[in-house]
There are 2 protein chains.
Amino acid sequence: MTNTQDEVASKSTRELILDEALHCFADRGYEGTSLNDIAAGVGIRRPSLLHHFPNKEALYADVFEMLLSEWLEGLEVAISSPTSGWDKAELVIRAGFDLFASTPDYVRIMRREALDSGVHVGVDLAGFLRPLFDKACAYFTQEMQMGNFRQHNAQHLIITGYGAILTYFSDAPFIDELLNDKALTPQNIQDHCDHVVSFFRSALLV
Amino acid sequence: MTNTQDEVASKSTRELILDEALHCFADRGYEGTSLNDIAAGVGIRRPSLLHHFPNKEALYADVFEMLLSEWLEGLEVAISSPTSGWDKAELVIRAGFDLFASTPDYVRIMRREALDSGVHVGVDLAGFLRPLFDKACAYFTQEMQMGNFRQHNAQHLIITGYGAILTYFSDAPFIDELLNDKALTPQNIQDHCDHVVSFFRSALLV
DNA sequence: TGCCCTACCTACCAGTAGGTAGCGAGTTAG
DNA sequence: CTAACTCGCTACCTACTGGTAGGTAGGGCA
């Protein structure tokens, strides 16, 4: 229940359900979340929830579709920017951080889905993201061939970056305890973003 | 069921249950795994399983304790090696890879636990790992002060490394689909390990 | 032989899961 | 005014959950 009173008043029940479902699925996973939990969070009963979505799977699929479309939209802007060289890489890293910082629940759902190899969502997740992956590979390969970046295997490089960036958000509860601090405050996110950028710059720039 | 016929014959029922539980919990999570699943995997009924463990939580706790003790033992050797400078960092990274490669199911359970902020396991996971974390921080800080490594924030550096390394194993099913290849073949693990080592060397060495 | 112990079994329990049937108040359209 | 639709509800279903009760086959032992 992250919605303000105004949002509750202005949003449709369907949207409220999607919001609550997103939060529950991110927090406790698909199996760990019951439709009763979600309905209670919205303030209705389970059968009423099932008026808006045919079943649990469909609800989850809708949440996930929301996630994918928002992410694709957010990343597309950064990826297709007319910059090049390190500037572009930094732009994409920072865009990714901004995106994930504004939707940490999405990151946790994504991570759970990666762990479960996408058994809950109908769409082929990896197939959906492969175009972006290939685009990024081509970009790094090109920059390395031009001598702008140090030589690394592009595929492994992106997987390493994917892990490094996503983990900060997905494992935030764990990192909280490790640091005795809140990982997801704006300041700490900014600090970690700056660190990742400077770390990758060190590794890539000659 | 990753046990060979010989292992099945030689292992006690209790050990067989622990093996199967490890696999199930890693694959489908705590909520997604039923005691029936585990018992069926071993070839007994649920009540027989509960003869060996008082309840589901206790079984999970025992699996997790197994994980922690094996990891601590494996990492302790590398961390306390009498090397220094980059050699030590590389030794620890490679030891981590070897450890995770030999126990990929542990990595996935660990990831799930980090996502759930350790609600299923009684022990304070972060508290348990903090000594290692602090030790690693102190090490990197010292090396950076001596001018052996480039300047990075040690805490953020370790979190980045943790994410980069763990993700390759925890998200292996997803990476499989992304690469159209098996991430966890010995060759691919070796390649990715080499990449991470060279990536971190580029970022850290002046 | 009689007794305890381990390790399994079937049968059952209460609780909860996802999902359906059908009722009723409120709104809207013809 | 009424018919249809929307969106809540209660009541119920079946399937399955973790867990318990009680029984039994067989081994070791006095």
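Residue numbers start from 1 in every chain, and the chains themselves are labelled A, B, ... in the order their sequence lines are given, proteins ahead of strands.
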> According to a strict under-4.0 Å criterion, is A/S34 in side-chain N/O contact with OP1 or OP2 of C/dA17?
Replying inline: yes

> Angle class for the A/F25/A/Y60 ring planes (parallel below 30°, perpendicular above 60°, tilted otherwise)?
Replying inline: perpendicular

> Is the distance between the ring centroids of A/F133 and A/Y162 less than 6.0 Å?
Replying inline: no

>> Would you say A/N36 places a side-chain N or O within less than 4.0 Å of OP1 or OP2 belonging to C/dG18?
In response: no

> Can any side-chain N or O of B/E143 pair as donor or acceptor with the backbone N or O of B/G85 at less than 3.5 Å?
Replying inline: yes

> Rounding to a whole Å, what distance do you find between B/F53:CZ and C/dA7:C1'?
Replying inline: 14 Å

>> Under 3.5 Å, is there a donor on one side chain and an acceptor on the other for A/T167 and A/R111?
In response: yes

> Which whole-number value in Å describes the distance from B/L16 CG to C/dA7 P?
Replying inline: 13 Å

> Between C/dC13 atom P and B/L35 atom CG, what is the distance in whole Å?
Replying inline: 20 Å

>> Both A/D37 and A/P54 contact DNA chain C. Taking the nearest nucleotide for each, which residue is further toward the 5' end?
In response: A/D37

>> Could you tell me how far apart B/R14 (CZ) and C/dC8 (P) are, to the nearest whole angstrom?
In response: 13 Å

> Under 4.0 Å: is that the gap between some side-chain N or O of A/T13 and OP1 or OP2 of D/dC7?
Replying inline: no

>> From CG of A/L50 over to C1' of D/dC9, roughly how many Å is that when rounded to an integer?
In response: 13 Å

> According to a strict under-4.0 Å criterion, is B/R45 in side-chain N/O contact with OP1 or OP2 of C/dT10?
Replying inline: yes

> Phosphate oxygens OP1/OP2 of C/dC8: is one of them under 4.0 Å from a side-chain N or O of B/H52?
Replying inline: yes

> A/S48 side chain N/O closer than 4.0 Å to the phosphate oxygens (OP1, OP2) of D/dC9?
Replying inline: yes

> Roughly how many Å is it from CD in A/E31 to P in D/dG18, rounded to a whole number?
Replying inline: 12 Å

> In whole angstroms, how far is the C1' atom of D/dC7 from the CD1 atom of A/I44?
Replying inline: 9 Å

>> Let me spell it out: for each of A/L49 and A/R46, pick the nucleotide of DNA chain D with the closest heavy atom. Which residue's pick is nearer the 5' end?
In response: A/L49

> Mind checking whether A/H156 and B/Y168 have parallel, tilted or perpendicular rings, split at 30° and 60°?
Replying inline: perpendicular

> Rounded to the nearest Å, what distance is computed from the NE2 atom of residue B/H51 to the P atom of nucleotide D/dA21?
Replying inline: 15 Å

